[in-house]
Structures are given as C-alpha cells and as structure tokens.
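Single-structure report; data block below.
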Amino acid sequence: MAAGPRLVAGMDEVGRGALAGPVSVGVVVIDARTRTAPQGIADSKLLTPAARVDLAPKVRRWALASAVGHASAAEIDEQGIIAALRLAGRRALHQVQSEVGNVDVVLLDGKHDWLSDPGPDLFAAGGLTGDDDGAGVLVSEGGAGAGPDVVTMIKADMRCSTVAGASVLAKVERDAILTELAADHPQYGWEANKGYSAPAHLDALANHGPCVLHRRSWNLPGAMMAG
C-alpha cells in the first residue's frame, strides 16, 4: 500500500478584509474513502447566498468532520490579522481533531501559510514548486509534535473541493453571525454588508463612529469621534 496522508483538511478564511466582526476559518476533513464531493461545490464568492446556505449541510454530511473557528475584532486588534487568522484556524482544527484524530495535511488557499507558527523563513522548512498553470505550491513541514504539514496552493478554493467546502461553511456561519449582530447595531447595516466596507457602512462609521465590534486598530472613518 502506498504511503500517504490519512486525513487531509481543506481550510479557508472569510472576513479578513471586513471592518467589523470576526475573521472566520472553515475546515473540512476527508480521507481516501470519502465519496465524491457534493454537486455545485465551489468557492463561496462564486455562489449566491441562497446557494451557499443550501450547500452547507451537504458539505457537512460529505465531510468526515467539519468546523468553523472565529477570532473576534478585539483579538484582531490585540494580535494583528495574521495571528487572528492562525487563532481562528487552530480553533477550527482543534474541533475536527477532537472528532477524528490528528490531521496529516492542511491545504490552504493562496500562497501564504498563516496557520503554522511564524518562522524566519517560510521557505526553509519546505519546498516551492510550480505546476503547469504557474500556481505555486508551498509545503511547510509540521515535524514531530508540531501539527500537520501545511500546503498552500494558489486558487485552491477553485481547484480543491475541501477548500471550497471550507469556504462555504465559513461564509455561511460568519454571515449568520453578522446578521444576528445587526439587530443590536442597526445603524451599520450589517445584515446587508456583513461588516465589509460598503458605502452605507462607511457612511454610518463617519456619522456614528465605530462600535465595540469594529476593528479599531484599522483606519476606520469616524474613529476619532469615538475617542
């Protein structure tokens, strides 16, 4: 039998560029026996909100385990966005590993490994290779006791069902959180903009200043009037 990873996790984040609310990281775990992915699975940005909501339970049933981790706006302010991504990702990873055991490989979208502990040189622990469309693949070896290996792949959310599924789960859960929070902070219109820099949100910030759920370390309109 060929050696290889037993459990593979796809992971993706949403809310990184938002002005308010958490950054959220979804994770989907499969193994070699996992059946074909649900039809229509794709990067969450390519799906309508209704399609994402319809697809989310299908992704959960398909996966061996799945979870979404969050890091709050306060944690983003205290630690920075990359450390907050790492925190949210590890919260999600801890949840799935409590169900199915240690994951061997985590696949991330993009070219930056924000999940592993930062080191002096991201290229020192692994290798950078190119595939036939020019998208790089970076492998960061976890090592003994250091957690799973991390593989980064450009456009993984469009090429890998696990990452696409993780994106869908994270987007659906984060959207629901912002919609619920909007009831307590109606002036910002989060039910529509989900905390991103839509014109109505920027106007509300300029007129009312930020609230406790905004990322106050960022350059927000109206931040000075809030003290």
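- In this structure, CG on Leu107 lies 11.5 Å from CG on Leu115, to the nearest 0.5 angstrom.
- Residues Pro22 and Leu178 are in side-chain contact: their nearest non-hydrogen atoms beyond the backbone lie under 4.5 Å apart.
- Cluster membership check: Val53 does not share its hydrophobic cluster with Val14, using side-chain heavy-atom separations under 4.5 Å among Ile, Leu, Val, Met, Phe, Trp and Tyr.
- Closest heavy-atom contact between Ala71 and Ala88: N-CB, 3.7 Å.
- Across all their heavy atoms, Arg215 and Arg16 have their closest contact at NH1-O, 3.1 Å.
- Note: the hydrophobic cluster containing Leu87 does not contain Ile82 (ILVMFWY, side chain heavy atoms under 4.5 Å, direct or indirect links).
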Show me the side-chain donor-acceptor pairs of residues 92-100 shorter than 3.5 Å, one per line, residues at least two apart or across chains.
residue: Gln97; atom: OE1; partner: Val103; partner atom: N; Å: 2.8
residue: Ser98; atom: OG; partner: Gln95; partner atom: O; Å: 2.5

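- Rounding to the nearest 0.5 Å places CD of Glu78 at 7.0 Å from OG of Ser72.
- By the rule that hydrophobic residues join a cluster once side-chain heavy atoms approach within less than 4.5 Å of another member, Val105 and Met153 end up as members of one cluster.
- By the 4.5 Å heavy-atom criterion applied to side chains, Thr179 and Lys194 are counted as neighbours.
- For the pair Arg86 (side chain) and Trp114 (backbone), a donor-acceptor distance under 3.5 Å is present.
- Contact check for Leu46 versus Asp157: no side-chain heavy atoms found under the 4.5 Å cut-off.
- For Val23 against Glu13, the heavy-atom pair with the smallest separation is CG2-OE1, 4.5 Å.
- Listed by first then second residue, pairs satisfying ring-ring contact (aromatic ring centres under 6.0 Å, His included) with a partner in residues 159-185 read His185-Trp190, not counting sequence neighbours.
- Put simply, the side chain of Val28 reaches to within 4.5 Å of the side chain of Trp62, judged on heavy atoms.
- Atom SG of residue Cys160 and atom CD1 of residue Ile30 lie 9.0 Å apart, to the nearest 0.5 angstrom.
- In this structure, Arg52 contributes its side chain and Leu47 its backbone to a donor-acceptor pair below 3.5 Å.
- Shortest non-hydrogen contact noted between Met11 and Gly89 is CE-O, 3.6 Å.
- Residue pairs meeting the salt bridge (Lys or Arg N to Asp or Glu O under 4.0 Å) criterion with at least one partner in residues 57-73, sequence neighbours excluded, are Asp54-Lys58.
- Between Arg159 and Asp109 there is no salt bridge, since no side-chain N of the basic residue sits under 4.0 Å from a carboxylate O of the acidic one.
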Steps toward side-chain hydrogen bond (donor to acceptor under 3.5 Å, both in side chains) verdict (Glu75, His70):
CA-CA 10 Å; Glu75 290 171 325; His70 309 279; over 6 Å; no

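- Not a single donor-acceptor pair under 3.5 Å links the side chain of Asp31 to the backbone N or O of Leu7.
- Here Leu19 contributes atom CG and His201 contributes atom NE2; the two are 5.5 Å apart, rounded to the nearest 0.5 Å.
- Residues Leu85 and Val25 form a side-chain contact, since some pair of their non-hydrogen atoms from C-beta on lies under 4.5 Å apart.
- Closest approach of Asp77 and Ser217 over heavy atoms only: OD1-OG, 2.6 Å.
- Between Ile76 and Arg216 the shortest side-chain heavy-atom distance does not fall below 4.5 Å.
- Counting all heavy atoms, side chain and backbone alike, Ala20 lies closest to Arg174 at O-NH2, 2.8 Å.
- Tyr196 and Leu220 are assigned to two separate hydrophobic clusters, defined by single-linkage of ILVMFWY side chains at heavy-atom distances under 4.5 Å.
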